[in-house]
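What follows is one structure encoded as structure tokens, with my remarks underneath.
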Protein chains: 2
Amino acid sequence: MSAVAAEQPGEPSSRDRILDAAEGLFARRGYAGVGLRELADLVGLGKSSLFHHFESKPQLYAAVCARILARISEGVDRSLAAGGSPMERLERVVDDLLDLLAAQPNDARILLRSLFEDDELAGETREELEGREFTARIMSSISALLREGMEAGQFRSVHVPGLLLSLIGQTVFPFASGEFGQEILGKDPFDPSEVKRRKREVRDLLRHGLLAPAGR
Amino acid sequence: MSAVAAEQPGEPSSRDRILDAAEGLFARRGYAGVGLRELADLVGLGKSSLFHHFESKPQLYAAVCARILARISEGVDRSLAAGGSPMERLERVVDDLLDLLAAQPNDARILLRSLFEDDELAGETREELEGREFTARIMSSISALLREGMEAGQFRSVHVPGLLLSLIGQTVFPFASGEFGQEILGKDPFDPSEVKRRKREVRDLLRHGLLAPAGR
DNA sequence: GTCTATAGGGAGATAGAC
DNA sequence: GTCTATCTCCCTATAGAC
């Protein structure tokens with residue numbers, strides 16, 4: 001079903017507990033800021049045991065990123081499957097993505113952080129290739145949707161790649177902005193009422209910024 | 001004139017050369033990913049000499065951030081000073097900010113990265129307080145502009161803090177997205193033609209997403 | 001699959017000569 | 001204002017017992 005092995009609900013494997021803990025640490029302090037000693041302590045293992053589950057620190061980081069991208073890619077696939085007009089599908093993708101980012105507080109930060117670390121991940125490990133595939137899949141799905149909406153005349157003519165970056169900035173960034181976002185908003189960006197508000201904001205900007213004049 | 005001491009053009013001081021080099025390194029690898037040894041080598045100094053100019057690594061980092069925020073704050077002040085309708089001023093602020101981020105390739109990354117490092121900078125150094133003041137000044141200026149536009153009836157009714165985060169996502173994020181942005185766009189986000197395109201994109205989204213129906 | 005022990009190196013920071 | 005030398009600590013990773 002998924003590229004990540006299916007797991008029965010029960011007690012999570014050591015591998016999964018390591019991934020969970022690493023995700024939180026990497027989100028807070030970034031790749032270089034996390035020590036394997038700290039991670040091992042958090043999981044309740046000896047430091048060396050980590051190397052039984054992952055070859056190296058870069059590979060562990062890539063696995064954390066790949067798992068997040070897999071979640072998002074599957075979410076986007078699900079959101080797009082339900083059908084509807086291009087605008088209906090786009091709004092559903094955005095809504096569901098915001099719900100997903102709100103439910104997984106580490107995702108937005110790790111995603112943005114990973115974009116900034118061009119250097120670290122220069123390898124060709126399985127996890128890294130997986131992550132790149134998921135990214136490509138997500139981007140091409142949404143690009144296709146935008147092009148379809150333009151061809152159907154529902155969207156005005158826009159530069160698709162540019163709009164993709166704008167959308168990421170509007171959806172992912174607020175959940176990664178941490179204390180800054182909290183201070184600006186006056187409340188936690190992850191608060192359900194704030195998530196709802198953001199959905200409305202993005203939707204309004206899309207409707208008035210994307211719909212062709214004929215559609216208004 | 002400015003909170004940062006005025007400097008004659010001539011050969012830059014050691015302090016400035018350290019700040020310049022540190023800015024580039026922090027942008028590429030983040031706070032924890034940069035070693036002072038590497039920084040010292042890059043500047044052409046011994047590692048210990050850095051401590052003559054800065055008390056500690058966190059303070060150096062805060063100084064780098066404060067300098068960037070000072071540049072942006074001054075830019076925003078200048079952009080707002082010229083007058084015009086709220087929409088004209090908002091568009092000018094955005095245009096000038098995009099020009100500034102394009103001209104200073106490290107700024108966007110360091111700004112976003114610094115938002116993610118809630119932990120590291122818990123201190124109360126002069127540099128850090130300065131940075132927070134600049135941030136507050138920038139945010140309150142733009143917030144006031146948005147509120148003025150709403151009260152004047154030129155902007156539709158929006159949630160000001162939420163729109164602030166959206167604007168940051170649309171303007172700052174693309175310049176921080178590095179190789180990812182380059183791959184999506186098919187060209188360097190810092191390329192003049194792409195900067196021009198982004199100005200147009202943000203402006204179009206603002207015009208069609210912000211203007212009150214009566215203004216259309 | 002987890003552990004202890006350790007290798008080999010780099011980190012931030014300080015002391016004190018020049 | 002820059003240097004060399006050094007302190008102490010932590011890092012990733014490996015070896016090998018259990």
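Numbers restart at 1 for each chain; the letters A, B, ... are given by sequence-line order, proteins then strands.
- For B:Ser49 and D:dC3, the shortest distance from a side-chain N or O to OP1 or OP2 is below 4.0 Å.
- Residue A:Ser14 has a polar side-chain atom (N or O) positioned under 4.0 Å from OP1 or OP2 of C:dT2.
- For A:Ser166 and B:Arg198, the side-chain atoms include at least one donor-acceptor pair closer than 3.5 Å.
- When atom types are taken as modelled, the side chain of B:Arg92 and the backbone of B:Ser79 share a donor-acceptor pair closer than 3.5 angstrom.
- Note: OH (A:Tyr61) to P (D:dA13) measures 15 Å, nearest angstrom.
- Ion pairing between a basic and an acidic side chain is recognised when a charged N comes within 4.0 Å of a carboxylate O; B:Arg137 and B:Asp77 show such pairing.
- Taking a 4.0 Å limit (strictly below) on heavy-atom distances, residues 36-43 of chain A reaches DNA chain D at A:Leu36, A:Arg37.
- Helix bend of the helix from C:dG1-D:dC18 to C:dC18-D:dG1: the angle between its two end axes, each built from five pairs, comes to 10° after rounding to 10°.
- Between A:Asp95 atom CG and A:Arg200 atom CZ the span is 11.0 Å, to the nearest 0.5 Å.
- At whole-Å resolution of the value, NZ in A:Lys57 and C1' in D:dT14 are 17 Å apart.
- In summary, B:Arg17 and B:Glu11 do not engage in a salt bridge, as defined by a charged side-chain N under 4.0 Å from a carboxylate O.
- Residue A:Glu38 qualifies as enclosed at atom CD: its count of foreign heavy atoms under 6.0 Å is above 12.
- OP1 or OP2 of C:dG1 sits under 4.0 Å from a side-chain N or O of A:His52.
- Remark: B:Lys196 NZ is loosely packed, at most 12 non-hydrogen atoms of other residues, nucleotides or ligands lying under 6.0 Å away.
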Distances for protein N/O vs nucleotides 14-18 of chain C N/O pairs under 3.5 angstrom?
residue, atom, partner, partner atom, Å
C:dT14, O4, B:Ser48, OG, 2.9

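- Under the 4.0 Å criterion applied to side-chain N and carboxylate O atoms, A:Arg67 and A:Asp20 are assigned as salt-bridge partners.
- Aromatic ring pairs are classed by plane angle as parallel below 30°, tilted from 30° to 60° and perpendicular above 60°; the pair B:Phe26 and B:Tyr61 is perpendicular.
- Under the 3.5 Å distance criterion, the side-chain polar atoms of A:Arg109 are matched with a main-chain donor or acceptor of A:Ala176.
- Other residues, nucleotides and ligands place no more than 12 heavy atoms under 6.0 Å from the CD atom of A:Glu183.
- A straight line from CZ of A:Phe54 to P of D:dA13 spans 13 Å, rounded to a whole angstrom.
- Straight-line distance from the CD atom of B:Gln59 to the P atom of C:dG12: 15 Å, rounded to whole Å.
- For the pair B:Leu50 CG and C:dG10 P, the computed distance is 17 Å after rounding to whole Å.
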